[in-house]
Amino acid sequence: MLVNCIWGTAFLIPYTLPEANPMLIAFGRYIVYGLISLALILLARKNWDKLSKSQWITAFTLGFAGNVGYYLFLTSSIYYSGITVSALIVGILPVSLIIVGNIVEKEYSYKSLAVPVALILSGIVTLSLNGADTGVSDDLLMGALLAFISLSLWTYYGIKNARFLKQNPGVSSNSWSLLIGVCCLIQSLIALPILAIFTNALDFSPSTENNYLAEIIAACLFLGIVVSWLATILWNQASRHLPVTLAGQRSCC
């Protein structure tokens, strides 16, 4: 439950900074997460060369699916369609994890999952009715599409990450979080030149409000340290010990 409270703030940051380019927030978050991870790895003097090539590939893939890619599409969705539409679509995540996770792990009968799925969907429908917008625009459709991509990426991440941790007990939850953080840093640094060349996300002109840059930095620090590094450790611990279907009922990232 704690990790979900932390992850919930990931929706609020881009909403409170509507003028900020979503790519700047996403990559800033994971540069901070990656730098923290790299520093902790160096301080702990871990012998990371024992990790296999396939483990590094898995970490790199999950770093994108559950972190850089997921949050990039989420922030872009909020940018185009607002927080309500994005939250409604990504809010289906517990249901997608329950259903797909049970297909993979086969822990429970689908009859026993009917009640939690129905309760989650009823909550989503209620929220949709209260916050429904009758107008449909190109931006709204684009935001919805981006939210569905974000949902698909994190569903894959949640299931693949849980299976990896259960199949590799020698890799601690903390070490795995740090390894994914380093992969996120690599991905973000690769993307930064593209961000600078093809977008205006890094344009901090003199006309910009004085506290704008400070707000962006504060947001990225909070997202990178608390929402990414700390929350990922907590989620890894839950994923290692709980079936995906059970963890899915408590997930909201």
Answer whether the closest heavy-atom distance between the side chains of Thr61 and Tyr156 falls below 4.5 Å. yes

Within the side chain of Ser150, is there an N or O that forms a donor-acceptor pair under 3.5 Å with the backbone of Leu146? no

Say whether, by atom type as modelled, one donor and one acceptor occur between the side chain of Tyr30 and the main chain of Asn67 under 3.5 angstrom. yes

Side-chain (Ser81) to main-chain (Ser77) donor-acceptor, under 3.5 angstrom: yes

Listed partners of Ile217 passing side-chain contact (heavy atoms from CB on, under 4.5 Å), at least two apart: Leu213, Leu221

CD1 (Ile36) and SG (Cys184) are apart, to the nearest 0.5 Å, by 13.5 Å

So CG of Leu153 and CG of Leu93: to nearest 0.5 Å the spacing works out to 11.0 Å

Taking all non-hydrogen atoms of both residues into account, name the closest pair between Ser173 and Asn236 and its distance. O-ND2, 3.2 Å

Filter on side-chain hydrogen bond (donor to acceptor under 3.5 Å, both in side chains), then keep only pairs touching residues 90-99, sequence neighbours left out; what's left? Ser96-Thr155

Partners of Ile190 by side-chain contact (heavy atoms from CB on, under 4.5 Å), sequence neighbours excluded? Ile186

Mind checking side-chain contact (heavy atoms from CB on, under 4.5 Å) for Thr75 and listing every partner two or more places apart, or none if nothing turns up? Pro14, Pro22, Ala26, Tyr71

Check whether the side chains of Ser177 and Tyr33 place a donor and an acceptor atom closer than 3.5 Å, and report yes or no. yes

At what distance, to the nearest 0.5 angstrom, does CD1 of Ile57 lie from CD of Gln55? 10.5 Å

Run through Phe64, Trp235, Phe73 and flag the one making a ring-ring contact (aromatic ring centres under 6.0 Å, His included) with Trp154. Trp235

Heavy-atom closest pair, residues Leu178 and Ser37: O-CB, 3.3 Å

Considering only heavy atoms from C-beta outward, does the side chain of Leu192 approach that of Ile31 to under 4.5 Å? yes

Tell me which pairs pass side-chain hydrogen bond (donor to acceptor under 3.5 Å, both in side chains) where either residue lies in residues 223-234, with sequence neighbours left out. Arg29-Ser228

Smallest separation among heavy atoms of Ser172 and Arg240, with atom names: C-NH2, 3.5 Å

Can you name the residues that form a side-chain contact (heavy atoms from CB on, under 4.5 Å) with Thr58, not counting sequence neighbours? Leu62, Lys160, Phe164, Trp176

